[in-house]
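Worksheet: one structure, shown below.
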Amino acid sequence: MSIDLKELIKKPNPLTQGHRMCPGCGAPTAIRQALMAVDDPVVIVGATGCMEVSTTVYPYSAWRVPFMHVAFENAGAGISGVQAAHKVLSRQGRAKEGIKFVAFGGDGGTYDIGLQSLSGALERGHDFTYICYNNQGYMNTGAQRSSATPLNASATTSPAGSVIPGKLQRAKDLTEIVAAHNIPYVAQTTLHDPMDLIKKVKRAVETPGPAFVNVLVPCVLFWKIDQGDQMKICQLAADSRFWPVYEVAGGKYSLSYKPKKDVPLEDFLRAQGRYSHLFKKGRERMDLVAAAQADVDESWKKLLVKCAL
């Protein structure tokens with residue numbers, strides 16, 4: 001798939017600079033890069049979350065395209081209804097053809113509260129693309145843990161201390177759950193390579209039927225990272241294989257990025273304050289780091305088998 005980046009950056013951006021997302025947040029970067037890939041007119045449905053409350057503070061909006069805010073739990077239903085209505089109106093000659101439908105939701109509104117709605121939309125086969133901006137916790141409401149929060153990460157509802165070493169459960173593998181719906185296109189990526197995100201969203205929106213893209217995006221406050229380290233952290237996520245970058249098209253798995261060298265998971269964890277309790281001098285929990293590394297290694301091996309590598 002050939003994409004001219006110089007031409008892409010000339011396109012008007014559907015999301016203006018006048019939003020209120022935190023400096024260094026990965027979500028606006030992911031949204032802008034994703035929408036660069038959409039050539040046709042686009043309608044956006046957004047679940048309640050950081051993006052919604054920061055871009056649509058009444059009476060203002062940072063969106064230059066039609067945007068509909070829906071509740072935490074029903075982005076899947078919302079985008080389904082809009083797409084179905086357009087299909088009927090087009091058949092009646094009352095609406096233009098060639099409109100793309102994109103839903104955005106954070107991990108709280110996708111992995112947890114909105115999972116039933118999303119699953120139903122995927123099963124019904126609506127023609128839309130769902131993009132999860134995954135910062136691995138409920139950032140909009142106070143940095144609580146979600147089912148996307150990784151093992152051992154400290155959150156306000158799984159605080160690391162003398163009782164527990166952060167979250168006790170592994171993160172849900174939603175990309176694989178969505179792939180099990182046998183939809184036409186599923187992808188996982190992060191901000192380590194802008195062209196990878198742009199190409200995957202382009203393929204998603206141009207593939208008939210439901211498509212899903214899971215994008216790992218840093219949250220400066222929850223991850224406790226420097227505002228300027230967005231790309232560095234995403235690169236470490238991909239290089240350490242903490243967040244494998246791959247796609248599933250027509251049921252076929254393809255690895256999009258294979259690190260040139262083995263980067264230990266410890267490098268990714270040490271770069272974030274949400275794991276600092278694992279490395280406190282005199283109270284290090286290298287046993288937990290080793291266990292997490294073993295999980296990553298096992299998951300990577302399984303993915304390579306699926307990709308026939």
Relative to the ring of Phe268, is the ring of Trp223 parallel (under 30°), tilted (30 to 60°) or perpendicular (over 60°)? perpendicular
Using a distance-only test with no angle check, is there a side-chain donor-acceptor pair under 3.5 angstrom linking [X] and [Y]?
X: Lys200; Y: Ser256; answer: yes
X: Thr175; Y: Tyr246; answer: no
X: Ser147; Y: Asp112; answer: yes

With distance as the sole test, does [X] use its side chain to make a donor-acceptor pair with the main-chain N or O of [Y] at under 3.5 Å?
X: Thr129; Y: Ala211; answer: no
X: His277; Y: Pro165; answer: yes
X: Ser117; Y: Ala77; answer: yes
X: Asp107; Y: Gly137; answer: yes
X: Thr190; Y: Leu216; answer: yes
X: Gln144; Y: Thr157; answer: no
X: Glu52; Y: Cys50; answer: no
X: Tyr133; Y: Met51; answer: yes
X: Thr207; Y: Pro184; answer: no
X: Arg145; Y: Ser154; answer: no

Tell me, with the steps shown, if Lys261 and Asp239 meet salt bridge (charged side-chain N to carboxylate O under 4.0 Å, His left out). CA-CA 8 Å; Lys261 62 178 182 178; Asp239 284 342; over 6 Å; no
Does [atom1] in [X] sit with more than 12 non-hydrogen atoms of other residues, nucleotides or ligands closer than 6.0 Å?
X: Gln169; atom1: CD; result: yes
X: Lys11; atom1: NZ; result: yes
X: Arg124; atom1: CZ; result: yes
X: Phe279; atom1: CZ; result: yes
X: Arg64; atom1: CZ; result: yes
X: Asp287; atom1: CG; result: yes

Starting at [atom1] of [X], measure out to [atom2] of [Y] and round the result to the nearest 0.5 Å.
X: Cys132; Y: Leu174; atom1: SG; atom2: CG; answer: 6.5 Å
X: Leu269; Y: Ser276; atom1: CG; atom2: OG; answer: 11.0 Å
X: Cys219; Y: Gln230; atom1: SG; atom2: CD; answer: 11.0 Å

Please give me the minimum heavy-atom distance between [X] and [Y], naming the atom from each residue.
X: Met21; Y: Cys25; result: CE-SG, 3.7 Å
X: Gln272; Y: Arg274; result: OE1-NE, 2.7 Å
X: Leu118; Y: Phe212; result: CD2-CE1, 4.0 Å
X: Ala238; Y: Val245; result: CB-CG2, 4.2 Å

Check for me, please, whether [X] and [Y] land in the same ILVMFWY cluster - side-chain distances under 4.5 Å, paths through other members count.
X: Val213; Y: Leu303; result: no
X: Ile113; Y: Met139; result: no
X: Leu115; Y: Val186; result: yes
X: Ile131; Y: Ile31; result: yes
X: Val215; Y: Tyr138; result: no

Salt bridge (charged side-chain N to carboxylate O under 4.0 Å, His left out) for Lys302 and Glu176? Distances and angles first, verdict last. CA-CA 12 Å; Lys302 291 178 180 178; Glu176 287 296 296; over 6 Å; no
Run Trp63 and Thr55 through side-chain hydrogen bond (donor to acceptor under 3.5 Å, both in side chains) and show every step you take. CA-CA 7 Å; Trp63 295 91; Thr55 61; 2.9 Å; yes
For Tyr111, run the side-chain hydrogen bond (donor to acceptor under 3.5 Å, both in side chains) check against Asp173, Asn214, Thr149 and tell me which one passes. Asn214
When you look at Leu309 and Tyr253, which way does the side chain to side chain contact (heavy atoms under 4.5 Å, CB included) test go after all the steps? CA-CA 10 Å; Leu309 295 174; Tyr253 281 73; over 6 Å; no
Going through the distances and angles, do Val296 and Trp243 end up as a side chain to side chain contact (heavy atoms under 4.5 Å, CB included)? CA-CA 9 Å; Val296 164; Trp243 190 256; over 6 Å; no
Before giving the answer on side chain to side chain contact (heavy atoms under 4.5 Å, CB included), spell out for Glu73 and Val70 the whole-Å C-alpha distance, their side-chain angles and the decisive distance to 0.1 Å. CA-CA 8 Å; Glu73 67 272 16; Val70 295; over 6 Å; no
Hey, is Lys199 close enough to Glu247 for a salt bridge, meaning N to O under 4.0 Å? no
May I ask you to say whether Lys100 pairs ionically with Asp39, meaning some side-chain N is under 4.0 Å from a carboxylate O? no
